[in-house]
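One structure is given here, and the rest of the page talks about it.
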Number of protein chains: 2
Amino acid sequence: MVTVRRPQRADARRNFDALLAAARSSFAENGTDASLEEIARRAGVGIGTLYRNFPTRRDLFEAVYVEEVNQLAEVAAAVAALPPWEALTAWLDRFVSYAVTKRAIIEALNRESEMFATCRRTMYDAGEPLLERAQKEGVVRSDLSFDDLLRMVSGLTSGAYVDDAQRSRVVSFALDGLRVR
Amino acid sequence: MVTVRRPQRADARRNFDALLAAARSSFAENGTDASLEEIARRAGVGIGTLYRNFPTRRDLFEAVYVEEVNQLAEVAAAVAALPPWEALTAWLDRFVSYAVTKRAIIEALNRESEMFATCRRTMYDAGEPLLERAQKEGVVRSDLSFDDLLRMVSGLTSGAYVDDAQRSRVVSFALDGLRVR
DNA sequence: TGCAAAACGGAGGCCCCCCTCCACTAATCT
DNA sequence: AGATTAGTGGAGGGGGGCCTCCGTTTTGCA
């Protein structure tokens with residue numbers, strides 16, 4: 001579990017959280033080049049406050065990214081009790097909710113950074129056992145790597161669809177290609 | 001086949017084509033909010049010339065988009081002689097080459113525009129018969145629409161992959177979910 | 001070859017964003 | 001309650017993109 005340092009004082013913590021939430025939604029809407037001033041405005045906070053908490057745009061990316069990765073790890077623990085295929089797809093479902101933001105941020109982030117490596121590890125530790133279990137029980141084809149799977153799902157869900165029904169139909173067809181039948 | 005009006009004079013035509021090429025690559029690299037001045041610079045042309053040919057950003061989108069759709073239609077004719085599954089995947093291969101640019105533009109374009117409808121029709125006329133043939137011959141599941149297929153492939157290929165091998169592995173797994181086995 | 005019309009291209013006004021700096025505010029501690 | 005100090009927020013300079021306008025250049029035609 002990776003950590004992000006939050007400020008000490010109550011008002012500062014409030015602003016910190018507001019900024020993080022504003023950044024997440026703003027990045028999701030406008031991509032990684034969303035205006036920082038707009039994010040500060042959304043958070044109801046001065047631009048100076050944003051810069052004190054996150055000196056660079058990159059720091060904001062990292063903070064948002066870390067939060068989402070941590071949530072993914074929690075979900076993985078929660079679904080572990082389900083049967084292998086269901087556990088895997090339930091986790092992917094949750095993965096999808098964050099895929100749009102994540103994808104943009106990951107692309108903007110330098111893949112070589114230590115922080116990125118740590119988060120990647122956290123996410124893999126959370127999700128990879130789900131895939132391995134499904135493969136061991138012969139439910140999923142064995143020549144599929146966890147990395148393949150994540151990229152597939154994240155690509156599939158980052159596009160625009162007519163409605164949610166189409167999105168889930170398309171995703172389930174694609175996942176069907178991974179099953180052993 | 002949709003058409004884009006090109007200027008009459010030779011120098012103007014040269015500039016028009018240079019702008020179109022610059023726009024395509026710039027949109028592919030930087031998304032739909034690429035700088036117009038950068039595009040003009042890339043094309044070796046004044047900003048005024050860009051605006052004379054394409055009064056709005058949208059006009060540029062449309063011109064780039066139309067060109068790519070026309071190319072897709074040509075490819076569809078070229079692959080018609082192959083067996084059903086091969087014809088379909090060959091066409092999709094080509095579809096992939098343009099998917100990145102296309103996806104960004106499509107999202108920026110107003111879906112209600114007449115131009116969009118015409119292009120959509122052109123593309124459907126080109127590709128849909130390939131899918132229908134594969135379905136009639138029992139090679140592809142019948143509850144898949146052409147729209148489903150395009151969105152799936154365009155999503156799958158818009159993401160970042162480690163290398164081309166991973167991309168094609170992932171795409172082929174997903175397509176495998178569409179086959180009748 | 002000479003000329004009219006078409007096309008060029010970039011300066012300039014406007015706006016928004018980035019980021020720094022510092023006078024002010026309020027949370028916490030005693 | 002008062003002192004201390006972490007925290008605030010926005011003004012402002014610099015930069016770059018958007019778009020218009022118009023003096024200059026190029027082309028095609030006679």
Side-chain angles (χ1 to χ4, degrees), chain A residues 3-65 101 104-105 107-110, chain B residues 3-65 101 104-105 107-110:
Chain A
T3 52
V4 178
R5 215 150 63 84
R6 290 166 80 225
Q8 301 306 305
R9 246 173 61 175
D11 57 341
R13 225 162 23 232
R14 237 188 343 265
N15 286 337
F16 180 93
D17 292 341
L19 278 169
L20 222 47
R24 181 171 45 232
S25 70
S26 204
F27 287 149
E29 273 171 46
N30 311 310
T32 48
D33 49 359
S35 154
L36 297 185
E37 283 180 336
E38 161 69 17
I39 291 177
R41 258 188 310 260
R42 251 189 228 207
V45 142
I47 184 67
T49 299
L50 184 152
Y51 274 95
R52 197 167 337 91
N53 280 291
F54 308 100
T56 70
R57 178 180 289 271
R58 191 201 165 75
D59 290 318
L60 243 189
F61 289 161
E62 294 197 352
V64 169
Y65 181 60
T101 319
I105 291 179
E107 261 159 44
L109 237 40
N110 177 9
Chain B
T3 53
V4 178
R5 215 149 63 84
R6 290 168 79 226
Q8 301 305 308
R9 243 172 65 173
D11 56 342
R13 220 158 32 229
R14 234 185 350 260
N15 286 335
F16 180 92
D17 292 341
L19 279 169
L20 222 48
R24 178 173 48 233
S25 70
S26 203
F27 286 149
E29 273 172 46
N30 311 309
T32 49
D33 48 358
S35 155
L36 297 185
E37 283 181 334
E38 162 69 17
I39 292 177
R41 237 170 296 155
R42 249 188 231 207
V45 143
I47 185 66
T49 298
L50 185 152
Y51 275 95
R52 198 170 333 94
N53 281 291
F54 308 100
T56 71
R57 179 181 290 269
R58 194 203 161 75
D59 291 319
L60 243 188
F61 289 161
E62 293 198 351
V64 170
Y65 181 59
T101 320
I105 292 180
E107 261 160 42
L109 237 40
N110 176 10

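Every chain is numbered from 1 and lettered A, B, ... according to where its sequence line falls, protein lines coming before strand lines. Computed from a predicted structure; not experimentally measured. Side-chain atoms are counted along with the backbone in the values below, which use heavy atoms only and exclude waters and symmetry mates.
- Rounded to whole Å, the distance from CG on B:Asn15 to C1' on D:dT27 is 12 Å.
- Of all non-hydrogen atoms in B:Ala34 and B:Arg57, the two that sit nearest each other are O-NH1, 3.0 Å.
- Between A:Phe54 and A:Phe16, the distance from one ring center to the other falls under 6.0 angstrom.
- As rounded to whole Å, 17 Å separates atom P of D:dG13 from atom CD1 of A:Ile47.
- Following rounding to the nearest Å, A:Glu37 (CD) and D:dA11 (C1') show an atom-to-atom distance of 11 Å.
- The side-chain hydrogen bond (donor to acceptor under 3.5 Å, both in side chains) search around B:Arg42 returns B:Ser25, B:Glu29, B:Glu38, not counting sequence neighbours.
- One atom, CZ of A:Arg13, and another, C1' of C:dA26, lie 15 Å apart when rounded to the nearest Å.
- In this structure, CG of B:Leu19 is placed 12 Å from C1' of C:dG9, rounded to the nearest angstrom.
- Residue-to-nucleotide proximity on DNA chain D shows that, of B:Pro55 and B:Arg14, the 5′-proximal contact is made by B:Pro55.
- One interatomic measurement links the two molecules: CZ of A:Arg52 to P of D:dG9, which rounds to 8 Å at whole-angstrom precision.
- Across D:dG9, C:dT20, C:dG9, the shortest atom-to-atom separation from the side chain of A:Val45 is found for D:dG9.
- When the side-chain nitrogen and oxygen atoms of B:Thr49 are compared with OP1 and OP2 of C:dG9, one or more of them lie within a distance under 4.0 Å.
- Looking at B:Glu62 and B:Arg58, a side-chain N of the basic residue comes within less than 4.0 Å of a carboxylate O on the acidic one, giving a salt bridge.
- Axis angle, first five pairs versus last five pairs of the helix from C:dT1-D:dA30 to C:dT30-D:dA1: 30°, rounded to 10°.
- The nearest heavy atom of DNA chain C to A:Glu38 and to B:Ala12 marks one nucleotide each, and the one closer to the 5' end goes with B:Ala12.
- Note: CZ (B:Arg9) to P (C:dA7) measures 6 Å, nearest angstrom.
- Taking both residues in full, the closest heavy atoms of A:Leu60 and A:Leu36 are given as CD1-CD2, 4.1 Å, listed atom of the first, atom of the second, then distance.
- The backbone N or O of A:Arg9 sits nowhere less than 3.5 Å from a side-chain atom of A:Arg14 that would complete a donor-acceptor pair.
- Using a 4.0 Å heavy-atom cutoff across all strands shown, B:Ala10 reaches sugar-phosphate atoms only and no base atom.
- Within the structure, a side-chain polar atom (N or O) of B:Arg41 is placed less than 4.0 Å from OP1 or OP2 of D:dG17.
- Counting any heavy atom pair closer than 4.0 Å across all strands shown, B:Arg57 reaches sugar-phosphate atoms only and no base atom.
- Proximity of B:Tyr51 to B:Thr56: side-chain heavy atoms (C-beta onward) are nowhere separated by under 4.5 Å.
- A close approach under 4.0 Å does not occur between any side-chain nitrogen or oxygen of A:Ser35 and OP1 or OP2 of C:dC16.
- For A:Leu36 and C:dC19, the CG to C1' distance is 9 Å, given to the nearest whole Å.
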